[in-house]
Protein chains: 2
Amino acid sequence: MTAAANQSGRRPTTSRRLERAGIRDVAAAAGVSITTVSDALNGKGRLPDETRSRVREVAERLGYRPSAAARTLRTGRSGLIGLTVTTYGEEPFTFTEFAYFAEMARAATSAALGRGYALVVLPASSRHDVWGNIALDGTVVIDPPDQDPLVSELYRSGVPVVSDGKPGNCPVTAWVDNDHEAAVLGILDHLTESGARRIGLLTGTSTDTYTRLSTDAYLGWCDRVGQEPVYETYPAHDPAAGAVAADRLLARPDRPDAVYGLFDPNGTDLLAAARRYGLRVPDDLLLVCCSESDVYAGTEPPITTLSLKPRRIGTTVVNLLIDAIEGVDSGTGVDVGRLFPPRFRSAGTGPPPGTLMPTELIVRASSQRRSTRTTVSPPRSPGEV
Amino acid sequence: MTAAANQSGRRPTTSRRLERAGIRDVAAAAGVSITTVSDALNGKGRLPDETRSRVREVAERLGYRPSAAARTLRTGRSGLIGLTVTTYGEEPFTFTEFAYFAEMARAATSAALGRGYALVVLPASSRHDVWGNIALDGTVVIDPPDQDPLVSELYRSGVPVVSDGKPGNCPVTAWVDNDHEAAVLGILDHLTESGARRIGLLTGTSTDTYTRLSTDAYLGWCDRVGQEPVYETYPAHDPAAGAVAADRLLARPDRPDAVYGLFDPNGTDLLAAARRYGLRVPDDLLLVCCSESDVYAGTEPPITTLSLKPRRIGTTVVNLLIDAIEGVDSGTGVDVGRLFPPRFRSAGTGPPPGTLMPTELIVRASSQRRSTRTTVSPPRSPGEV
DNA sequence: CGTTCATGGAGAAACGTATCTTCTCCGCTT
DNA sequence: AAGCGGAGAAGATACGTTTCTCCATGAACG
C-alpha cells in the first residue's frame, strides 16, 4: 500500500462510524488534494477562484469543521488567552475587587474576541493541574504579587504575560496600570480646592501595587504640603473591617475634614460613619472614594468617585498581549532568527514596557461645597514613564 | 535510517533551538521508550515503581510539560468548556442579568476547575470565527432562545450542551432551571398571607423561559383565585423603561396593594415610584422583587427578594455537563458500541433530562406587615416534572 | 529551439502525544 | 523438557492539520 493510498482512502479495519468529516474527506469529495483544500479554505496558496469556491462549497456541504486541536498542534497557536487574578487565592474572582474585575474582564473578553481570541479564566493556584492542560498563547495577569512563581514560570516557558498592575519583581512582557500617583494627587488637589484643611486616607494593609502607590502618593503629598498624615488601614478583602476602619478614622481626635477611601465600599461606610458622628457631607466632611459602581450617583448626598476605567485597562492589556503574541515576540529565547538575522535586542534585563492610563474623577456633591457638577481628569504628570 | 532511529534521535537539519523538552527528550534522557514515559507520567501501564519515579524525576529535571494540543488531538478531550449567553446579542454578558450571570459564571468556573476543566466565555454571535477555532468538550448555554441555531449546530456535531433555563425547541443534552412556577406561587401565597388583596406584577416583554413561566404562573394563579391580573411589561434590558413601567403600574386606577417585580432593578424602581405616589411600604404597598443583590438588605425599608441561587445553578449545570462528557454520552450517534453492545437507547426524540432547582425567598420588611424576619423556601409542587 | 517563469497543484513531513500490539525474558507448572 | 503466563518495555500507528518542497504544463522570450 503506497503512502498516497494510505493518505486518501483509509479506515480499512474499523467500520466507518458516524464521524465528523475531516479535511481528507473534503479533498476526496472535491477531487483535489489535501493541500488544495487547506489552501482554499485558508485563503493561501495560488489557486484559481473557481477551485477555491468549489472546495469551499464541498466543505460546506459536508459540514466540515477543521479540528482546532490539530491546527493548534501544527501552528503552535491556540487562540486562547488565560486570565487570572493572583493576588487573592482560591476563588477565581474576589469579591472586593468585583466591580473592577468584572468590568475589566468583560472588556478584555470583548477585545480578545474582536481579534479572534477567547479568554479562559483560571485560578492562580492549582498550577499544573489546570494550567498545564491548556494550550495558551498568552496570559493576562491581574495584580501579580512580587515574585509570583506562576508568572515567572509562564514567562520562562515562553508564554507572553501582560499584567494589569505594575509588577513588582516578576518579569512580564508588558504591563498596564493606572497612574495612581497622579490620581491621588488630583484628588488631594480637588479636595484642597474645595476647602479641605486636613485630608485623611482610608487604605489597605496589603502590599499590592495599587495600595502601595496610592498610599505613598498620599504620604509624599502630606510631606510636601506639611500636613500630618491621617489614615487608617484595614484588610481590603474584609468588608466588615472596612466599616470599622471608617469609624475609627472619623473617631480620631485629629479628625480629618476630608477623606479619600481607596476601596469601593468605603463610600457608604464613611457616609454611615459620618452620620453616626453627626457630620454633614459635604459641609463638615468632604468625601471621595474609588469605585466603579454607579450607586454613588444615587446616595444622599451623591459621592464623588474615582474610576480606574477598567474597560480601558482590559482592552489595552489584551491588545498589548495579542500584539506580543502575533508580533516579533520578545520572549526569552524564542527564535525570530529564521526571518530576521540575529540583531541586538534588549535581552531580558531591561524593564518591560509599561503603560500608564489616566483615571477619571467623577465629581459629585460629596466633595464640593459649591454645587457645580463637573467631570475632571487629573493631569498626567509629564515626567512619569 | 530505521524508523526507530528516526523516532529517538531527530532534528537532523535544524540546529537544536531553545525549545521546550518533548516526551522524546525525556525518553532519551531516561533511557527508556516514549511509551514508558507516557505510561509513567500518566499512571498507566505496568511499570515498577522504580522506573516510574525515575522517569518522573527526569521529566521534572527537564522541565517537561506535555503539549496540551497534542494530547487533545490524540485523546479528543481538551478540558475546555464553553460558556455563553445567547439571549441578548453583542456583549458577552448582559447588564440586566449581570448579578445573576456573574454569580452563576463564578460558580460554574469553580465547579469546572474542581473537576479539572476550564471555562471559556464565548459570545453567542460570531459563529465560526471563534467557536470553530476552539476545541470544546462541551458547552453551557444560558437561557437559549427557541430554535437557537448555535445550540442546534453544537448538539448536532456531537458536543454535549447543557442549558441554564429550560430550552424551548433546541435539543440539549440536559437542562437545569429554577422552579419558576413554584417560586411565583410561593411569593403570591406569602403576599396573600401578609394581607395583600390585589397583587400586581412587573414583568418583561421578552419571550425567554424565565419571563414566560413566571408570567404564566401569575396569570394562572389569578385565574384560580379569581383576581383580575394587574401587570405591566417592559423590555427587561432597558433599565430606564423599568422605572417608567413601575410608575405606570402604581398609577393605574386598579392600583395593586402588593407587587412582585421580576427583575433586579424593580425593587428600587418600585420603591421610588411608591414614594412618588405617597405610598408607604409595607403599610400601603407590599413589595417583592427577584434579585441577587444584597443592597436590598439596606434599603429603607429592606426589600424582600427572591434569589434564584445562581451558584447552585452554575454548579449543577457544570456537573451535569461534565458527567455527560465523561460518562456514556447520549449524543447523536457517537459510538458507545465498542464497550457496550448496541442496546435500546432513547434516540433523540425523548425530551432531554431536566432538573428543577428550588429558589429562595428572603423575607424582609417590605413584604410583611408584622416585623418578623424569616427565610422561606417555597414548597416544590410535587407533581411537576 | 532552448530557457525561463508563472500557474496549478500534489507529496510528504512534521506537530507531540496516547495507546494498541508485539516482543523478550524468565520463572513455573505438568 | 516443553509449554505457559506474566512482567516490563519497546514499536509503530493514528489523531487532523499546515506547510515546505517539488513537479508538471504551457506560455513567453531571447
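Throughout, protein chains are lettered first and strands after them, A, B, ... in sequence-line order, and every chain is numbered starting at 1.
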Nearest-angstrom distance from the residue atom CZ of Arg71(A) to C1' of dG16(C) = 18 Å
The salt bridge (Lys or Arg N to Asp or Glu O under 4.0 Å) partners of Arg74(B) (sequence neighbours excluded) come to none
Residue of the set Val172(A), Thr84(A), Val159(A) for which side-chain contact (heavy atoms from CB on, under 4.5 Å) holds with Val151(A) | Val172(A)
Can you tabulate the close N/O pairs, meaning under 3.5 Å, that link protein atoms to atoms of nucleotides 24-28 of chain D?
none

Side chains of Thr35(A) and Ser38(A): do they bring a donor and an acceptor to under 3.5 Å?
-> no
Could you walk me through whether Ile81(B) and Arg115(B) pass the side-chain contact (heavy atoms from CB on, under 4.5 Å) check?
-> CA-CA 11 Å; Ile81(B) 291 176; Arg115(B) 293 186 66 171; over 6 Å; no
Within this structure, what is the CZ-to-C1' distance between Arg20(A) and dA14(D), rounded to whole angstrom?
-> 17 Å
Heavy-atom distance under 4.5 Å between the side chains of Tyr117(B) and Leu321(B), does that happen here?
-> no
Student check: side-chain heavy atoms of Val176(B) and Leu320(B) closer than 4.5 Å = yes
Taking only the side-chain nitrogens and oxygens of Lys44(A), find out if one of them lies under 4.0 Å from OP1 or OP2 of dT19(D).
-> yes
Which residue pairs satisfy the salt bridge (charged side-chain N to carboxylate O under 4.0 Å, His left out) criterion with at least one member in residues 38-51 of chain A, sequence neighbours excluded?
-> Glu50(A)-Arg54(A)
Roughly, in whole Å, what's the span from CG in Leu41(B) to P in dT19(C)?
-> 13 Å
Sole residue of Arg71(B), Arg65(B), Arg77(B) in side chain to side chain donor-acceptor pair (under 3.5 Å) with Asn133(A) = Arg71(B)
Gap between atoms CZ and C1', on Arg74(B) and dC15(D) respectively (whole Å) | 6 Å
Would you kindly give the CD1-to-C1' distance between Ile23(A) and dC15(C), to the nearest whole Å?
-> 15 Å
Residue pair Val58(A), Val26(A): steps toward the side-chain contact (heavy atoms from CB on, under 4.5 Å) verdict = CA-CA 6 Å; Val58(A) 171; Val26(A) 178; 4.2 Å; yes
Can you measure from CG (Leu41(B)) to OH (Tyr64(B)) and round to the nearest 0.5 angstrom?
-> 6.5 Å
Chi angles and distances behind the side-chain contact (heavy atoms from CB on, under 4.5 Å) call for Leu154(A), Leu136(A) = CA-CA 10 Å; Leu154(A) 283 172; Leu136(A) 294 178; 5.5 Å; no
Polar atoms only, N or O, under 3.5 Å: list the protein pairs with nucleotides 4-9 of chain D and their distances.
| residue | atom | partner | partner atom | Å |
| --- | --- | --- | --- | --- |
| dG8(D) | N7 | Arg46(B) | NE | 3.3 |
| dG8(D) | N7 | Arg46(B) | NH2 | 2.6 |
| dG8(D) | O6 | Arg46(B) | NH2 | 2.7 |
| dA9(D) | OP1 | Thr51(B) | OG1 | 3.4 |
| dA9(D) | OP2 | Thr51(B) | OG1 | 3.3 |

From dT19(D), dT17(C), dC15(D), pick the nucleotide closest to the side chain of Ser38(A)?
-> dT19(D)
What residues form a side chain to side chain donor-acceptor pair (under 3.5 Å) with Ser78(B), not counting sequence neighbours?
-> Asp137(B)
With a 4.0 Å cut-off on heavy atoms, is Ser67(B) in touch with a base, just the backbone sugar-phosphate, or nothing at all?
-> sugar-phosphate
Arg77(A) CZ to dG16(D) C1': how many Å, rounded?
-> 19 Å
For Asp25(B) and dT17(C), what is the distance between atoms CG and P respectively, to the nearest whole Å?
-> 9 Å
Calculate the interatomic distance between Arg52(A) atom CZ and dG9(C) atom C1'; express it in whole Å.
-> 12 Å
Between the two end axes of the helix from dC1(C)-dG30(D) to dT30(C)-dA1(D), each built from 5 base pairs, what angle do you get to the nearest 10°?
-> 60°
Does any donor-acceptor pair link the side chain of Thr35(B) with the base of dT19(C) at a separation under 3.5 Å?
-> yes
